[in-house]
Each structure stands twice: as structure tokens, then as C-alpha cells.
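Note that ligands are numbered from 1 as they come in the structure, with each ligand's atoms numbered from 1 the same way.
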Amino acid sequence: MSEVIVGIDLGTTQSAVAVVDSGFPILLADQEGRTLLPSAVWYGVDGEIEVGHEALRRSGVDEVLTSVKSLMGRRVEESGGRLLGRGVLQTSAGEVTPEEVSAEILRSLKAVAEKRLETSVNKAVITVPAYFHDAQRAATKKAGEVAGLEVVRIVSEPTAAALSYGLDRLDERAKVAVFDLGGGTFDVSILEMREGVFEVSATAGDTQLGGDDFDDALAQDAVGKLGLSWGALEDLEKVRFINEARRLKHVLSDETEGMFRMPFTGEIEVSLEDFEKMMAPFLDRMESSCRRAMLDAGVDPSELDAVVMVGGSSRIPAVKERVRRVFQREPDLSQHPDEAIARGAAIQAGILAGTVREVLLLDVTPLSLGIETMGGLMNVLIARNTTIPCKAGEMFTNAADGQRSMKVRVLQGERELAEDNWELGSFEVPFQPARRGQARVGVEFRIDADGILSVLARDLATNEDLVIEVGSAAVDVNEAKVEQMVSESVEHAFEDMNARVFEEARLKADELLPAVEVALSEAGSVLEEGEIAQIKEARDQVIGAIEKREVAQLKKAVEDLDHATESLAALLVEKATQSLFSNPQD
Ligand code: ADP
Ligand code: MG
């Protein structure tokens, strides 16, 4: 086996490590099943260090270093004006540099990777914002070295996202814009993909624009409305305000209003409209970067084939809306906003390593466990190869008003669509009727040392628990079956990722086909036989592609048919005028 090279997304807010496993990039989970590591580090007085979730738990109570990435490769004076708790590098344990803090995060990711892969990991591909300059890249490399990782390549984040997007489109030619709005940085790149070549035509962005800014704006606004002065607040108070602002910001991605609550201080209602007003100046900056990228690349929005959105902040409705407006199209949301960069880094690592064929680890959870969520998708709670015992949970809500129960289907498998995985059991979780999206049902999966899966569901309104024994998750799954499921998942990975693209093309086809039939019946008299045959051929291609579920073929066939009907319309006009001229006596 060749040496492992991992791909790492060293993010401002969250970081992740990934590898290519059987040809498919996957994120590596920690022992709790978490794939995203908060980029947070806490230093104790006695030299104790905590990283990630553990560190973040102390936020607002003790000083925790976060968003240090925005200080990488910059002199501390240069960073002036940042809020405390972010980038203040004086710690209880003394002074630390941003590289050292980043090194702690990388060390944790290295440990996660080593644990998962059961091998030492000494090489990595690390991503940086496309807009990172040399010193920032060098600082990132240095952080890797401090953590004991040879950084074999630094990759730009949007390029990594494009790799992730393009992996299943290697034989296509396309111009895409990759839009990445994270916690601290914003990047937009225009890329040209052709036969597996990814060429960046232009990149623009802002290393000081991201979700942190929205948090700050919300926090400062709330402080003002509560009759306090931001400047007069203690540092840790500021952090608590910011944490609450972030919570509220996430709420406002799904709801039209929310409450900003500070214990012992007060609460205020914040509407989505208020929030969007605060967002406006940031959205304008974002927009100008987008326009610059297009200008530099010499492309018009209409020449782009897709605008791929990634980054946690791309979940914000106002951000999507602005992207829609600037690029004059529906954004492509096929990539996981939190995972695309790490996956892309892993693909790059796989390319450099000559693509590793990973050994399948058994005597762990052999396959991913999850439940079906809206749209018939598999929502993984415990990833394949998680060492047992383990547990993982997630919160769910109701899809309809007054709903009294929710059906939970427990699934096992590696496929994206629920129906393609195995059902281990299903049950109804009753809860108190609530408005749509108001019920809160926690579902937790636990696998004990014997490999027995139990599922616990809890209605947070009543705190009533429902424990369901699903039975041994491993019992009916032998090694051969696991191999089969995994190879199927690899075989179908592209198809699964393309499910959305297929559905979209099919919807378009549903619109086009009846229109074509009508046009054909009317145009029969004016069209030449050859032309009719051509349109029928395009129509049959579409029908054939739907039957065969051929994504790329369907996409192309629909485009062809669209063209054919365009020329059909033109032909009709042409023929009409021709007959007019050739029959002057009419
Ligand atoms: P980075 O690459 O900078 O680490 P990420 O891409 O992980 O950033 O995105 C993190 C940012 O996304 C944070 O500012 C976080 O608050 C924001 N975010 C995550 N989920 C949501 C959501 N549902 N609504 C709004 N913002 C979100
Ligand atoms: Mg990022």
C-alpha cells in the first residue's frame, strides 16, 4: 500500500480531514462520529490544551481562540480591530502565534485520521482560500510542519470544491463559478473544466468577509437595542453576545424571525428583514467580488454552466438570493456546503498518491447507519467504520402542521437515497402536535460493544423517551455483503450525486415532451421529413435517457431537444413567410 496522504480543509470556523476511499472521497469522523472540527483552541494555565468541541464548550466562560485563520501570515498589528476572543493571541499560557494555534487543530485532525485509518499519517494536502497570499500560504505550511505533517500541496479552496464537483463530470466541458462563503473568508473562482483538466480562469474574494461579520453585526445591534454599549462590555460578555448572535443567525436561515436572548440582560425580537438590512453592506462586497471574478475571467453570466455554492454561510437565504441575481441563474447546491473543500483536498491527495485503494476496516460498524429524511434521502448518523461502542444523534422536526408523530426509518448502507439502503426497522415517534417546524425530536443511535444498535427518540417538548431496540446491526451483514454494498456505493456514487441533476433534467423533459408532440402535429405539413425525423430522434433520446436513468445523456438530450424545438419554431415562421412569398396571388 502506498503512503497515505490526507486532504485537510483548515477552515476559519470548522476544519475537516478526508481521504479517498475506494475511489470516493470521504470525511473522517472522530470517535463521536463528528466530521467537522471547530477551529477552536483553549489554553489552560497549567499548559493544558483543548481543541475543537471541547475547547468550544468553554467559549464565553473562558477565553477560547477562534477564527485564528484570519490572522495567519499577518502581523498582529495588521489584524487590529478584531474582536477579542478571536485572534487575541495572549493566552493564559502565554503568547502563541496563529501558526501554533493552527498546528493544534492540524494535530487533532492528524490524530483523527490516524485513528480512523489505523496508520500513521505524515503527509497532507491542505486547502487555503484562493485569495491567501504567499505569507499566508507559507504560514499554513509551517503550521502543518509544526503538527508533524509534510504539506505536499497547498490547494485553493474553490479549486478543491471544483474537484469535488467535477469528479463525476470528468468528460464534460464546462465553465463553472465556485462560490465559497465561510466563517471568515469569501472566495469566488471561475473555472473551466475540460476532459479532467481544471483551469482557474479567475479568482476573487475577500479574506476578511464571512459569517463572523454577520455574527458581529447582529451582536452589536442587539447590544445597542438592549441599551448597552459595545465598548463597555467585558471581553467574555462580547463573546457570549456573539455566540447568541450566531445561534440566532442559524435560526434565521430557516425562520422569518427569532429571539435574541441574553440571560440576566434581556431579549429582543429580530426579524429576518432586520437581519437582511444588516447583511446588505456585506452582500454588496460579496457581489463586487463576484463581478470582478467574471470580469477578470472575461465571462458573462450567461456563459457559465453552473454556479456551485459551498461554505456554511451559503445556507443564508439572502446570500443565495444575491447569487441568483448576480449570476442570473439558480445556484448549484449539489455539493455539501461543509464538506466539499475537504473532499476536494482528498481528491488532490489521491491524485498525488496515485490513488490508494483503501482496505476495508471490519469489526467496526460495517456500514453507515442513518435514517430517512425528507426527499427520501439517507441521513447518516454513524458513519461506516466507526469503532464501536459509539453513539450519535441529531435533531428533527415536523414537516406538517399539527403532526402527531413522525416515522423513523432506520437505515444501513452507503447509498445517498434511502430506498437503496437496507431498512433495519421503522417506528413511529409520537410527539405533541405542533406547528410545522416547531416540534423538536432528538434521535440518538447507540451501538454497544456487542454491536447492538438501539435507537432513542425524545420529544423535547415532553422529554419523553422512546427506546427502540433495532437488533444487532451486524448480525445479518456478512463480509461479502459489506464488500458488495461498498463496491455498489462506489459504482453508484456518481449516480447518487447526480440524482438531483437527473431530477431537474427530467422535470424539464416533462415540460418539453408534450410541447414537442403538439408542435409536431401542427408542423407536420410545413416540415421536411428529414427535419421531423431529427426532432423525433431528439425526443426518443430524451425518453431513452429517462428510461435508462442516464444523467449526462439526459442532460444533453434535453438540451438538444430544446434546441430542436427552438429551430422548429423558427422553421414554422420561415415556412410561413416562404409560402407567403411564393404564393403572391394569396
Ligand atoms: P470556514 O470555511 O470559514 O471554516 P464554513 O464553511 O465551515 O467556514 O462555514 C462556517 C460559517 O457558516 C459560520 O459562520 C457559521 O455560522 C455559518 N453557518 C453554518 N450553518 C449556518 C446556517 N444554517 N445559517 C447561517 N450560517 C451558517
Ligand atoms: Mg471553508
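Among Val51, Asp30, Val17, Val112, the one residue that satisfies the side chain to side chain contact (heavy atoms under 4.5 Å, CB included) test with Leu37 is Val51.
Looking only at heavy atoms of the protein, atom 25 (C) of ligand 1 is closest to Ser253 OG, 3.2 Å. From the protein, the heavy atom lying nearest to atom 4 (O) of ligand 1 is Thr13 N, 2.7 Å. Closest to atom 3 (O) of ligand 1, if we only count protein heavy atoms, is Gly183 N, 2.8 Å. Given atom 14 (O) of ligand 1, the protein heavy atom at minimum distance is Lys249 NZ, 3.2 Å. Ranking the protein heavy atoms by distance from atom 9 (O) of ligand 1 puts Gly312 N, 3.2 Å first.
When only modelled atom types and interatomic distance are considered, Asn379 and Glu394 share a side-chain donor-acceptor pair under 3.5 Å. Between the side chains of Ser271 and Glu257, no donor-acceptor pair is found at a separation under 3.5 Å. Neither side chain, Thr185 nor Asp206, offers a donor N or O lying under 3.5 Å from an acceptor on the other. Remark: the Ser67 side chain and the Asp212 side chain contain an N/O donor-acceptor pair separated by less than 3.5 Å.
Taking every heavy atom of Gly184 and a limit of under 4.0 angstrom, the matching atoms of ligand 1 come to 3 (O). Listed by number with element, the atoms of ligand 1 under 4.0 Å from a non-hydrogen atom of Thr12 are 1 (P), 3 (O), 4 (O). If you number the atoms of ligand 1 from 1 as listed, the ones under 4.0 Å from a heavy atom of Ile316 come out as 25 (C), 26 (N). Near Gly182, with a cut-off below 4.0 Å to any heavy atom, the atoms of ligand 1 are 3 (O), 5 (P), 6 (O), 8 (O), 9 (O), 11 (C). Per-residue contacts place Gly211 under 4.0 angstrom from the following atoms of ligand 1 (heavy atoms of the residue considered): 14 (O). Near Gly311, meaning under 4.0 Å from any of its heavy atoms, are these atoms of ligand 1: 6 (O).
Judged by distance alone, the side chain of Glu114 and the main-chain N or O of Val121 form a donor-acceptor pair under 3.5 Å. A donor-acceptor pair under 3.5 Å links the side-chain atoms of Glu100 to the main chain of Thr97, judged by distance alone.
Ring planes of Phe275 and Phe214: perpendicular class, angle over 60° (limits at 30 and 60°).
For the pair Ser313 and ligand 1, a heavy-atom separation below 4.0 Å is found. Taking 4.0 Å as the cut-off, Thr185 does not count as a neighbour of ligand 1 on heavy-atom distance.
Between Asp215 and ligand 1, not a single N/O pair is under 3.5 Å apart.
Among Arg246, Arg315, His250, Arg247, the residue whose heavy atom lies nearest to atom 27 (C) of ligand 1 is His250.
Here Lys69 has no heavy atoms under 4.0 Å from ligand 1, in either its backbone or its side chain. Residue contacts with ligand 1, taken as heavy atom pairs separated by less than 4.0 Å, involve Gln14 via backbone and side-chain atoms alike.
Remark: aromatic rings of Phe179 and Phe186 are close, center separation under 6.0 Å.
Between Glu330 and Arg324 a salt bridge is recorded (basic side-chain N to carboxylate O distance below 4.0 Å). Under the 4.0 Å criterion applied to side-chain N and carboxylate O atoms, Asp284 and Arg322 are assigned as salt-bridge partners.
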